[in-house]
Visitor: 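So that we are looking at the same thing, I have put the structure below in structure tokens.
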Amino acid sequence: MDDRMMLTRRIHALDFALLEVALFLDTNPCNEQAMCKRRQLMEQRDALIAAYEEQFCPYMVTKADVEGDRWSWVQGPWPWEYGKEC
Amino acid sequence: MWQYEKKLQYPVKIKNPNPKIAQIVISQFGGPDGELGAAMRYLSQRYSMPYDELRAILTDIGTEELAHMEMISAMVYQLTRNLSPEEIKRAGFDKYFVDHTTAVYPIAAASLPWRAEYIGVKGDVITDLHEDLAADATTAKEQPPFQKARKPLI
């Protein structure tokens, strides 16, 4: 598995964990353990996303920027294209 | 409001196109128990919920259903690539193809376009939550093959 895919997989796994913790907190908003876990996961995720964006492509449009003379957000591949991954 | 993350919640990589399966899978997009309906249901119900926790969870789950909708659409997109006219006819895919080619249209396997009648949004918290329980049970019934195929991400 190459670097990009490895990084992508790890970020996606953290995203999923973060989403699940968020859903739990939605109906248990005062749970300290869950909030602590969320903070942990966010730190890990932010570090990985920073690394990913530096090497590859922007993760969200709000963080996208111009690369050379081109708006980098439009850059493919888009996620549903076969055999490619962003 | 919404933002988009340029990824699928879980990767979709379908090696072998298969328009016959695509016609079935598409129900999980635009069918009565599909993800589009799920997203619209939760995102519409949340406005009349009397508790913050319910507003939050319906917003977040509704948003996640849009991500699921995207995965199903990606599956249909990949299942219908590189088709010859013979393959299209042989799979019975010609009826969909004449109106939509290989675009991904919100429709059910039985050729009914998605409709808002599939969702219940009553403004009564007990009624709406019961609608959600019933709806999610049907989603679970449509999914066993996908659940079995799931592998850990790392």
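Scope of the values below: all heavy atoms of this structure, side chains included, with no hydrogens, waters or symmetry mates. Letters go in sequence order (proteins before strands), and every chain restarts at 1.
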Visitor: Atom NE2 of residue position H130(B) - does it have more than 12 heavy atoms of other residues, nucleotides or ligands inside 6.0 Å?
Guide: no
Visitor: Heavy-atom distance under 4.5 Å to chain B: side chain of L25(A), backbone, both or neither?
Guide: neither
Visitor: Within the structure provided, determine whether L8(B) and H12(A) are in side-chain contact (heavy-atom separation under 4.5 Å).
Guide: no
Visitor: More than 12 non-hydrogen atoms from neighbouring residues, nucleotides or ligands closer than 6.0 Å to CD on E117(B), yes or no?
Guide: yes
Visitor: Membership question, hydrophobic clusters at under 4.5 Å side-chain separation (ILVMFWY): are L66(B) and Y47(B) in the same one?
Guide: no
Visitor: Can you name the nearest heavy-atom pair linking P79(A) to K7(B), along with the distance?
Guide: CG-N, 3.5 Å
Visitor: How about residues 51-63 of chain B versus chain A: which residues have heavy atoms under 4.5 Å apart?
Guide: E53(B), A56(B), I57(B), D60(B), I61(B)
Visitor: Parallel, tilted or perpendicular: which fits the ring planes of W80(A) and Y77(B), with parallel below 30° and perpendicular above 60°?
Guide: perpendicular
Visitor: Has E20(A) got more than 12 heavy atoms of other residues, nucleotides or ligands less than 6.0 Å from its CD?
Guide: yes
Visitor: With clusters defined by side-chain heavy atoms of hydrophobic residues (ILVMFWY) lying less than 4.5 Å apart, directly or transitively, does Y42(B) cluster with F24(A)?
Guide: no
Visitor: Check for me, please, whether W114(B) and I24(B) land in the same ILVMFWY cluster - side-chain distances under 4.5 Å, paths through other members count.
Guide: no
Visitor: If you count the non-hydrogen atoms of other residues, nucleotides and ligands that lie under 6.0 Å from CZ in R81(B), is the total more than 12?
Guide: yes
Visitor: Going only through I, L, V, M, F, W and Y residues with side-chain contacts under 4.5 Å, is there a path from I107(B) to L112(B)?
Guide: yes
Visitor: Side chains of D15(A) and Q9(B): does their closest heavy-atom pair fall under 4.5 Å?
Guide: no
